[in-house]
Amino acid sequence: MAGWSVDGIPDQRGRTAVVTGANSGLGYVTARELARKGARVVLGCRSEARGRDAVARLRGEVPGADVELGRLDLGDLASVREFADSLPYEGLDLLVNNAGVMAMPYGTTVDGFETQFGVNHLGHFALTGLLLPALLAADQRAPVERSSGVRVVTVSSMAHLVGTIDPSDLNSERQYRRWTAYGRSKTANLLFTHELARRLAAAGSGVVAAAAHPGYAATNLQTAGPRAAGRRVAERLMALGNRVIAQSAEAGALPALYAATAPGVRPDSFTGPSLANWRGAPAPSRRAPWTLDDRAGERLWADSERLTGVSYADVLKA
């Protein structure tokens with residue numbers, strides 16, 4: 001893993017990948033590098049206009065890239081279902097749950113969930129469940145031929161250390177603090193990965209569920225929250241931090257690309273930058289013990305199925 005870069009991505013020809021939030025930042029870099037190695041990549045984007053621009057930009061950077069756009073609003077479960085239903089591929093080799101919002105002022109999704117929990121966790125929970133048949137089908141289709149195997153990679157954050165989930169207040173209705181809500185949504189990402197890995201293993205599936213985080217990478221995620229809240233000073237400070245302190249989006253995408261493609265990635269692993277979990281080449285990352293709690297994972301899973309209406313039971317049988 002030491003010094004790993006995009007040069008270490010194995011040949012991706014013959015693989016189909018979905019990357020959420022792929023019109024900019026980490027998602028765009030992830031989609032571009034997978035396409036550069038030969039994968040067919042579906043860019044899941046909320047804005048069709050920005051998505052079309054991203055597809056055009058990617059094809060300009062990677063001539064001959066096999067990429068397409070799919071409209072996907074993770075804050076709208078109907079959109080998530082439409083996206084999953086629209087995919088024409090019987091098998092899916094890779095799902096990168098990358099999209100997210102950070103430190104937003106209080107708001108709710110179309111379905112009434114607190115925005116950060118709804119987009120960062122519930123939307124991806126529903127999407128993964130709806131795409132699971134395609135992932136399992138790919139795993140059964142000559143798995144020996146694919147060094148990377150079939151994977152679900154969910155992008156979390158070191159902000160998960162802010163705190164664990166309050167199962168009695170999943171939507172932060174009693175008291176809302178933007179950074180606490182963000183940290184809880186990132187804990188949810190890791191608990192989801194933990195529980196999905198357990199359930200895949202129990203079902204005898206070879207699909208690998210893993211997680212990654214970018215450290216501090218310069219994307220529009222940092223400035224979007226302050227801008228939405230009208231906090232101009234905070235927006236300027238975040239922009240300054242992106243220029244002076246943060247690593248590039250190209251570097252920030254490396255942990256997710258490693259988790260998505262490197263041989264030997266373990267189920268329920270958590271990959272981040274090597275230097276103090278902040279920047280550098282991919283490495284095993286520090287992880288809060290509450291993200292490995294089986295009972296917490298089971299409870300969040302049950303709540304997520306109830307809230308989204310997406311059940312894994314009929315597909316993922318032990």
Distance check, rounded to the nearest 0.5 Å: L200 atom CG versus Y312 atom OH? 9.0 Å
Just how far is it from atom CG of L77 to atom OG1 of T109, taken to the nearest 0.5 Å? 6.5 Å
When rounded to the nearest 0.5 Å, the distance separating CZ of R36 from CG of L58 is 8.0 Å
Check: L43 and N23 side chains under 4.5 Å, non-hydrogen atoms: no
Once you round to the nearest 0.5 Å, how far does CG of D66 lie from CG of L34? 12.0 Å
Just by distance, with hydrogens left out, do N98 and H124 show a side-chain donor and acceptor under 3.5 Å apart? no
A quick test of your reading: do over 12 heavy atoms of other residues, nucleotides or ligands sit less than 6.0 Å from CD of E61? yes
If you count heavy atoms of other groups shown closer than 6.0 angstrom to CZ of R46, is the number above 12? no
I need the L257 CG to T30 OG1 distance, nearest 0.5 Å. 4.5 Å
Geometric class of the W301/F125 ring pair [parallel <30°, tilted 30-60°, perpendicular >60°]: perpendicular
Taking 4.0 angstrom as the limit, do E195 and R198 come out as a salt bridge? yes
Are R57 and Y28 in a cation-pi contact, defined as NZ or CZ under 6.0 Å from the six-membered ring centre and within 45° of the axis? yes
I need the single residue from R141, R151, R40 that forms a salt bridge (charged side-chain N to carboxylate O under 4.0 Å, His left out) with D93. Which is it? R141
Is a side-chain donor or acceptor of S269 paired with a backbone partner of P284 at a separation under 3.5 angstrom? no
Side chains of T291 and H160: is there a donor and an acceptor less than 3.5 Å apart? no
Quick check: does any side chain N or O of N189 sit under 3.5 Å from a backbone N or O of N120, one acting as donor and the other as acceptor? yes
Between Q116 and the options Y176, Y182, W179, Y106, the side chain to side chain donor-acceptor pair (under 3.5 Å) test singles out Y176
Would R287 and D268 count as a salt bridge (charged side-chain N to carboxylate O under 4.0 Å, His left out) here? Give the steps. CA-CA 11 Å; R287 181 169 178 173; D268 203 24; 3.0 Å; yes
To the closest 0.5 Å, what do you measure between CD (Q140) and CG (L135)? 12.0 Å
Run R71 and E82 through salt bridge (charged side-chain N to carboxylate O under 4.0 Å, His left out) and show every step you take. CA-CA 9 Å; R71 186 183 178 281; E82 289 171 6; 5.3 Å; no
List the steps and the verdict of salt bridge (charged side-chain N to carboxylate O under 4.0 Å, His left out) for R50 and D53. CA-CA 5 Å; R50 289 193 292 270; D53 288 345; over 6 Å; no
